[in-house]
J.: 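One structure, as structure tokens, below. Some questions next.
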Amino acid sequence: MEERNNTTTPATEAKKCSCGWGAFVVGLVVALILGWWVLPNLMKETKKQPIAFSHVEHVQNQGMTCEQCHFVRADGSFSGTPTTAQCAECHFTVLGSNPEEARFVREYVQTGREIKSEWLVYQKQPDNVFFSHALHFGPLAELRGPKETAAFCSKCHLNVAETDVPPVYTENRLSGYSENTMLMWGCERCHAEHMAMGNTNASNACFTCHK
Amino acid sequence: MSSEVKQFKIRWGMVIDIDKCTGCGACMVACQAENNVAPAVDGSNKLRSLNWLTVFRLSNHKPFPDHEVAYLPRPCMQCGKPSCVAVCPVIATDKREEGGIVSQIPPRCIGCRYCMASCPYHARYFNWYDPKWPGDLAQALTPDVSTRMRGVVEKCSFCHHRFMKAQEAAVAAGRDPMDLPDGAYITACTEACPNGAITFGDLNNPAHKVHELIKSPYAFRLLERLGTDPQVYYISKREWVRREGDNYLEHEKTGEATKQG
Amino acid sequence: MDYSKPVDAELFPEGCERCSLTKFTGWMSILGVIFLWGLYAAVRVLGFGLGETGMDDYFGFGLWITFDLAVIALGAGAFFTGALRYILNIDELKNIVNLAAVIGFLCYTGAMMILVLDIGQPIRCWFGYWYPNVHSMLTEVIFCITCYCIVLILEFVPLVLENRQLMKRPFIHALAHNFHVYMPIFAGIGAFLSTFHQGSLGGMYGVLFGRPYLFREGFFIWPWTFFLFVLSAVSSGPMFTVLVCTLMEKMSGRKLVSWDVKQLMGKVGGTMLIVYTVFKCLDSWYWATDLLAGQGLTFDQMFHGWIYGKWLFWMEHAFIIIPMVVLLIKPLREKPWIFYLMLFLTCASITINRYVLTVQGLAQPVMPFDSWYSYAPNWAEWASCFLVFAYAAMVLSLAYRYTPMFPQEAELNRK
Amino acid sequence: MDRRGFLKFAAGGTVGLVASPIIWNTLYDAVYWTQNWGWIPRLKKGESEYIPTVSKLCPSGTGFVVRTVAGTPVRTIGDKNNPVTHGAMTALAAAEAELRVSPARLKTPLRRSPDGAYVAITWTEAETLLKQKLQEAGSSVAAVSGDPTSSINEVLTSILNQRGSSDFYFMPDEEQPAAVAWEAMGGQGRLGYDMENSDCILAVGAPVLESWGVVAANRSAFNRTHPVAGEPTQKLLYAGALQNNTAAGADLWLPMKPGTDMALLLGVAHLLIKAGKQGFAAGLANFASFAAAYTPEKVSGITGVPVARLEAAAKALAEAKKPLVIAGSALGAGGSAGPVMVAVAINMLLGSVNREGGLVDMPFPVSVVAHATEYRETMRKRFVNYTQAVAAGKTKAPALLLVYAANPLYSLPADSGMKETLSKAGYSIAVASFMSETCEACDLVLPAALGMEAFDDVQTPYGSGRVTYALARPVAKPFAGARSAGELFIALAQELDLELGVKDMPELLYKHAYALGAPFRAMMDEGRVFTAKTALPASPLFYNWEAIRSAASARGAEGDIQVAPVVVLGMGTAQTAIPPFATKVVTDYQLKGKYSVAQMNSATAAKLKVNAGDHIRLVAGNNVEITVVAAIFEGILPDTVSLVAGLGHTAFDQFSKGKGSNVLALTSVCREPGTGLPVWGLAGVKAARA
């Protein structure tokens, strides 16, 4: 190899070299496309919510507050999304003209099927995470109205308050995590500051968030 | 290797009166149910049955009829100077949070079992297989403690989720979550013990019963001489029981040697 | 083509004879069967969990850790011989340093294989790098062992490249040459990494203050076991290399390394053995008479029944004291069988040491009301260790057959 | 592309991949995958509720709060507001939420097909079959209940009575011999024990802290009288062959050979009489002279209790202000009446009858269902007499045998005739919650709801010193196809046009509450529990020394080695078998793999030439042979081995099946002299290394 190189002219050597770098660049570009776009997309799976629930209808048109469905219970636990029974407090029969509502009444309220267990939670956390809404709600009482509440909640959640159809839910095929799931570093960022959200109790100790 | 004992404002601790324990096992059942410990088909192999809390039977080693028996429930000691925390290569176990409970996070654990080797109390258990809840048993899982997977170590957490819940309830009620009244947070075993042998509370808080109990002349801790500084105390009026709590040379007396530890 | 030679003769090192390819394939097949048996055990362990082994909550460490520690100690010939050859320039060692490097490579990669099985969640193994606990001796071990393993691969590669046919390619020739130029650097890095993790492996036990059988005081952050492990590794490593070399000679029927080189290796190991023996005995004495008493325990309480009897303790000590003395006496060490026996005893003592620290150290009940339990490795643990043996034997056989591992071989066997 | 080009392409690709997130993200995703493996159950989310009720599986009617999450019970926690058990739990009650969904739970009615296999049938089919079989049987119906505290028994007795059958029985229990003894001594009400107010309790044979009486209440009393690190306000003396759980809590252990309870009690009586404790009643002189033969030395010889401890026990009782003596059996069934008679006599000597902290003469539970048999009457009948008579052909086999909440095939000795009765019965029906041995032998199996799934009640259990009444309220839907047994029987009666006077379970419970003057609404809505100190006019008690004398003439057990059975509630009852969570509570000195463990002291082991861990063969008088593993424990009498009860199940699930041997297999039924009670629990065996 060394001997042969010695016999080639500088021009051909340069040519060879550039051709070689071309292969490198092609490889690089292909891999980058694969690694940044193709493969990550292959890992993703999109899912639809069981019912095209409209926050706009409930909040803006019907004037409901957030707390009517999402509230802290007396023991400090958070209700999350409402159960079929809670929905049925109003929707015991079809109230409007939306076909989705009619379907909800037909398929859930009348059959007793549980919407809460089917609803896809965008911010879904795995079982090993302990998250207390109450402990994060320090300043919530001072918030006024749905707009301000939504702004506060959307520090972590998707801001769904102004959506007419639920956003697409995207999940990783391997981990099963939602695209919007806050990962540990996201939690740790606030927990590292002792006065985040006016609370001095949030440390980054493992047991603060894991169960 | 952290050689210093960490200081906490709150130190959750347990006082177990051995003279009151009769070894019925209600604490062990409650512990398994509360913490989603999977049942074992063959629980008679004690070296392979995962139990955060185990009741040992103690003997005064005298022949019949002078023999005496006692039972000693052994949760995790939540050591002030834990031998396990220093050795874990991936910080799956730590003692950092206010309250001084030694955390064990199975999702972080890589399953090297070094912590098990380090713990003289055998408080740590390994998931040799994936946990199984045959039939419909999984329906009875509580929402409080995540299920584990094979290949990770787990141990008693002093029902840490109950601490979180107590804090949550305190915040919801507008009270200080860092100043819980006595009894606002107790472990499942404390709650289940029919004989009231277990008392739980903040060892540092004079308003909590345990604060006084640990000053009893009959109080002792397991293997104090090793310097692990456990947050679990035992009480027995029987000298032989206290002597079973640590290693003593023939001429040594119980009260003296422990002080130097 | 010369039909009197095996069909793959072109690949053999210059001037060296090898057995027929059929015979070789037969030998490799036997190893392959053992390998597959071990692989079956490994698949079961990875697929179902560590419940497939004989370990339990009292014996979280067992045969595998003993095996790892032993092979890592015995594989220490690689770094120590390498350091002496490339850094201190003891030239004669070039005749055995290749073998030492291959053995080191095999011991470390083998240990890594077992470790992958031994940790419950191998998919999370990179946590050791990503979320390291800097206080843990094991973190140091993980860092150093993986790094050193890479170094050993780099040391092994040139030997492969030196195959007669491969060397005909100028590029590979040049590459192999470059590797040789950098070998002192590898040897240096290797020596540093290896010393540290040999020590950390010992430190792993010494720091366990909850285990009176294992706990040792020490110097700065390192317990005495840290230093004892380094010393025991550097004394047994070269000896193990000589033993493997001799075994290969017996099996192949060819002389591979001259007696002088072996004696030199023995001298190196033996010198280190003197240091080790002195410190080991001091350590045991202090532990038995002072350290234990401080924890309210007696020497007798550390032993129980037959399998945990004192015989292991005395044997461990005898097997370093006797070789130390015998190797000092010239007429004795010059008799090959005595020489080899003494090397073997030393290696056995180090293996016993790793075993008692691992198994007996955990078996000794610390709580007075606890009991001694026994541990017996099951077939899956043995099989996976044999997997490593088979793997090592296969690689060693290939290396012997096709690479110029022994520079003296052609000359020693000239008729 | 040549080889060099390809190599460069590959190099570029490698650099590109390393520089893109896919590898690193996949490393993380793979770890997330291991953290949330799909084959490991995930946690349920939902609202937690805490609902107080009582356990029907635990014989002591433990009061607990059931925690439900989204409607499913996940935990049972001691109910501090329960005035009977004060929050004390038993290991069995603590496992009830899991037992509810255990693999042994019956999910659907099962009918035995001609080929012997079970076929799942619907409830409609089952009810039709039940009605049809009952109609066919006419008056030839027998029924046995293993739940004496439930008012569902009244519905059953009413049905049987109206069909013309009087063959309703309770399973043998601790109360039956005690009732005989109390009656023999002149007692007119029901025997009760005010343990919590006593300052010194001598329990002979009765493991009061583990299985005797209202265990949860006993334990809670023990708790309150033994402050942490403080001075106990109650002394507990326990006589038994083994240092069991009760002995561990006792201040003094009297190591007593199995079956020598009477001699020990007579010895204590003698010492107390000598010490001047001579509570007067008719027959005192005769009793005293009979007891005088039981000198400490003689008693020590018979029982094995050292003289000093016997005297210490008598002294403690004599010095106590409110002493109480309790006699009972280790097994909880098949005990003799004799020891209870002497225990009553001692209490009489001590003046401990109808006194706070003493024996209580209590009213019996009253029936409210029309045509029902009174509790007291049922308590007088002996199921084993019936089954043995049927087995021997002395009594006609029933055309229909109904077994409710009981597992007689497991919990009665082999020669009790139960097996023969079941096979001779025209048709057999089991109403149970778990697939027991008895269920497996019945023609029709009906899945019953648990206490936390249906309306039921706990009327004063035996051992209590007060009248108590608690309701079991449904806090969750019945599991799978289970149904309330009470509602099932009421519906059956209605189908057969029988008169009950109640239309459903709530009405039945209401009538009971009303009869007791209990606050039904509060009990129903809030889970409150009713208790009352209802004292009867003092019974004309007397020292029935003749009855005592004949009972004392019972033969002791034969065989070289005595077996001391141990009942541990954590291992479940005959109806539940070992709860899934209890397998880890079972110790290595109770069970080893598939063998029961026999504990013995080192002297016994030396005599038998066995070491710990050796297999030994035990051969009982009835030639039943079992193999057990030896364990050395010094807290047991010489020539005695202890075996834990509750093992050796052949039915239920993987948590119970094929583990150890059933102690009851070693026992045989015999009759107590004088009272004629069928008794067992005495098992002398021959032992040898296997």
Side-chain angles (χ1 to χ4, degrees), chain B residues 15 17 19-26 28-30 32-34 36 39-46 49-51 57 59 61-65 67-71 107 130-131 133-143 146-147 149 191-192 194-197 199 209 213 216 218-219 235, chain D residues 34-35 37 39-41 43-45 69 72-75 77-78 88-91 94-95 97-98 100-103 209-210 216 219-220 222-223 226 228-229 243 245-249 255 306 569-570 580-588 591-593 601-603 634-638 654-655:
Chain B
V15 177
D17 187 338
D19 297 346
K20 290 189 72 168
C21 175
T22 59
C24 72
M28 287 170 71
V29 172
Q32 292 177 67
E34 178 83 11
N36 295 334
V41 171
D42 179 13
S44 76
N45 178 1
K46 296 300 164 195
S49 55
L50 205 162
N51 252 324
R57 184 167 70 171
S59 157
H61 303 295
K62 287 193 181 159
F64 178 86
H67 185 263
E68 276 185 48
V69 72
Y71 293 91
D130 278 321
W133 285 267
D136 299 291
L137 273 173
Q139 281 188 27
L141 288 175
T142 70
S146 63
T147 50
M149 62 297 289
E191 189 178 69
N195 293 6
T199 316
K209 273 199 291 293
L213 288 176
S216 157
Y218 305 122
I235 286 183
Chain D
T34 68
Q35 291 166 346
W37 275 332
W39 57 85
I40 291 169
L43 304 182
K44 186 174 38 243
K45 292 190 168 63
V69 173
T72 309
V74 298
R75 280 301 317 279
I77 299 161
M89 287 294 271
T90 59
E98 288 67 38
R100 183 180 165 268
V101 288
S102 90
L209 292 184
E210 188 53 51
R219 283 243 180 82
S220 110
F222 178 81
N223 179 12
H226 290 72
V228 180
Q243 259 176 357
N245 296 6
T246 304
L569 254 193
F581 279 155
T583 60
K584 294 179 187 173
V585 181
V586 177
T587 62
D588 51 7
L591 178 73
K592 198 160 242 171
N601 69 24
S602 43
E634 300 300 335
I636 183 168
L637 276 151
Q654 61 267 52
F655 298 102

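The sequence lines fix the lettering, A, B, ..., with proteins before strands; numbering per chain opens at 1.
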J.: Using heavy-atom distances under 4.5 Å, tell me whether B/Thr142 contacts chain D through its side chain, its backbone, both, or neither.
T.: both
J.: To the nearest 0.5 Å, what is the distance between OG1 (B/Thr22) and CZ (D/Arg219)?
T.: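 The distance works out to 4.5 Å.
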J.: Hey, is the main chain of D/Gly593 close enough, under 3.5 Å, to the side chain of B/Ser44 for a donor-acceptor pair?
T.: yes
J.: Counting heavy-atom pairs under 4.5 Å with chain B, which one of D/Met89, D/Gln35, D/Gln243, D/Gln654 comes out on top?
T.: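 It is D/Gln243.
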J.: Side chains of B/Tyr71 and D/Asn245: does their closest heavy-atom pair fall under 4.5 Å?
T.: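 The answer is yes; the side chains approach within 4.5 Å.
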J.: Measure the shortest side-chain to side-chain distance between B/Leu141 and D/Lys44 over non-hydrogen atoms and say whether it is less than 4.5 angstrom.
T.: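 Side-chain contact under 4.5 Å: no.
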J.: Identify which part of B/Lys20 has an atom lying under 4.5 Å from any heavy atom of chain D, answering side chain, backbone, both or neither.
T.: both
J.: Looking only at heavy atoms and a cut-off of under 4.5 Å, which of B/Ser49, B/Ser59, B/Pro143, B/Gly135 has the most pairs with chain D?
T.: B/Pro143
J.: Counting heavy-atom pairs closer than 4.5 Å to chain D, which one of B/Pro107, B/Ala138, B/Cys21, B/Ser146 comes out on top?
T.: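 If we count pairs closer than 4.5 Å to chain D, B/Pro107 comes out on top.
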J.: So what's closer than 4.5 Å to chain B heavy atoms on D/Glu210: side chain, backbone, both or neither?
T.: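 Contact with chain B involves the side chain of D/Glu210 alone.
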J.: Of all the heavy-atom pairs spanning D/Phe222 and B/Asp19, show the shortest one and how long it is.
T.: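 Looking at all heavy atoms of both residues, the shortest contact is CZ-O, 4.4 Å.
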J.: Measure distances from B/Leu213 to the heavy atoms of chain D and classify the residue's part below 4.5 Å as side chain, backbone, both or neither.
T.: side chain
J.: Could you measure the distance from the CD1 atom of D/Ile77 to the CD atom of B/Glu191? Nearest 0.5 Å is fine.
T.: 4.5 Å
J.: Which one of B/Pro65, B/Ala197, B/Gly23 has the most heavy-atom pairs closer than 4.5 Å to chain D?
T.: B/Pro65
J.: Side chain, backbone, both or neither: which part of B/Ile235 has a heavy atom under 4.5 Å from chain D?
T.: side chain
J.: Given that the side chain runs from C-beta out, which part of D/Val586 has a heavy atom under 4.5 Å from chain B: side chain, backbone, both or neither?
T.: backbone
J.: With respect to chain D, which residue among B/Ala192, B/Ala219, B/Ala70 yields the maximal number of heavy-atom pairs within a distance under 4.5 Å?
T.: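 So the answer, after comparing B/Ala192, B/Ala219, B/Ala70, is B/Ala192.
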J.: Of the listed residues (D/Pro103, D/Ala247, D/Gly249), which shares the most heavy-atom pairs with chain B below a 4.5 Å separation?
T.: D/Pro103
J.: How far apart are the C-alpha atoms of B/Gln32 and D/Val585, what are their side-chain angles, what is the distance that settles it, and do they pass the side chain to side chain contact (heavy atoms under 4.5 Å, CB included) test?
T.: CA-CA 10 Å; B/Gln32 292 177 67; D/Val585 181; 4.2 Å; yes
J.: With a 4.5 angstrom heavy-atom cut-off, could you sort out which part of D/Thr90 is near chain B: side chain, backbone, both or neither?
T.: backbone
J.: Most heavy-atom pairs under 4.5 angstrom with chain D, which of B/Asn51, B/Leu137, B/Asp17?
T.: B/Leu137
J.: At a heavy-atom separation under 4.5 Å, does B/Asp42 approach chain D through its side chain, its backbone, both, or neither?
T.: both
J.: Below 4.0 angstrom, N of the basic side chain to O of the carboxylate: do B/Lys62 and D/Glu634 qualify?
T.: no
J.: Atom CG of B/Asn45 and atom NZ of D/Lys584: how far apart are they, to the nearest 0.5 Å?
T.: 11.5 Å
J.: Under a 4.5 Å cutoff for heavy-atom pairs, which residue among D/Gly570, D/Gly635, D/Ala95 has the most contacts with chain B?
T.: D/Gly635
J.: Heavy-atom pairs under 4.5 Å with chain B are the metric here; pick the option from D/Gly78, D/Ala229, D/Ala603 that has the most.
T.: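 Heavy-atom pair counts peak at D/Ala229.
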J.: If you count heavy-atom pairs within less than 4.5 Å of chain D, which of B/Ser216, B/Pro39, B/Ala26, B/Pro63 leads?
T.: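 Of the candidates given, the most pairs with chain D belong to B/Pro39.
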J.: Quick one: closest heavy-atom pair of D/Leu43 and B/Asn36, and the distance?
T.: CD2-ND2, 3.5 Å
J.: Taking atom types as modelled, find out whether D/Trp39 and B/Asp130 have a side-chain donor-acceptor pair closer than 3.5 angstrom.
T.: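 Side-chain D/A pair, D/Trp39 to B/Asp130: present.
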J.: Is D/Pro73 in contact with chain B via its backbone, its side chain, both, or neither, using a 4.5 Å heavy-atom distance?
T.: backbone
J.: For D/Ala216, is it the side chain, the backbone, both, or neither that has a heavy atom closer than 4.5 Å to a heavy atom of chain B?
T.: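 It is neither, since no heavy atom gets under 4.5 Å.
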J.: Apply side chain to side chain contact (heavy atoms under 4.5 Å, CB included) to residues B/Phe64 and D/Ile636 and explain how you reach the verdict.
T.: CA-CA 7 Å; B/Phe64 178 86; D/Ile636 183 168; 5.9 Å; no
J.: Could you pull out the closest heavy-atom pair between D/Thr583 and B/Lys46, with the gap in Å?
T.: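 The answer is O-NZ, 4.0 Å.
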J.: Quick check on D/Asp588 against chain B: is it the side chain, the backbone, both or neither that has a heavy atom closer than 4.5 Å?
T.: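 Answer is both: backbone and side chain atoms of D/Asp588 are under 4.5 Å from chain B.
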J.: Is the shortest side-chain heavy-atom distance between B/Pro134 and D/Phe655 below 4.5 Å?
T.: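 They are in contact (side-chain heavy atoms under 4.5 Å apart), so the answer is yes.
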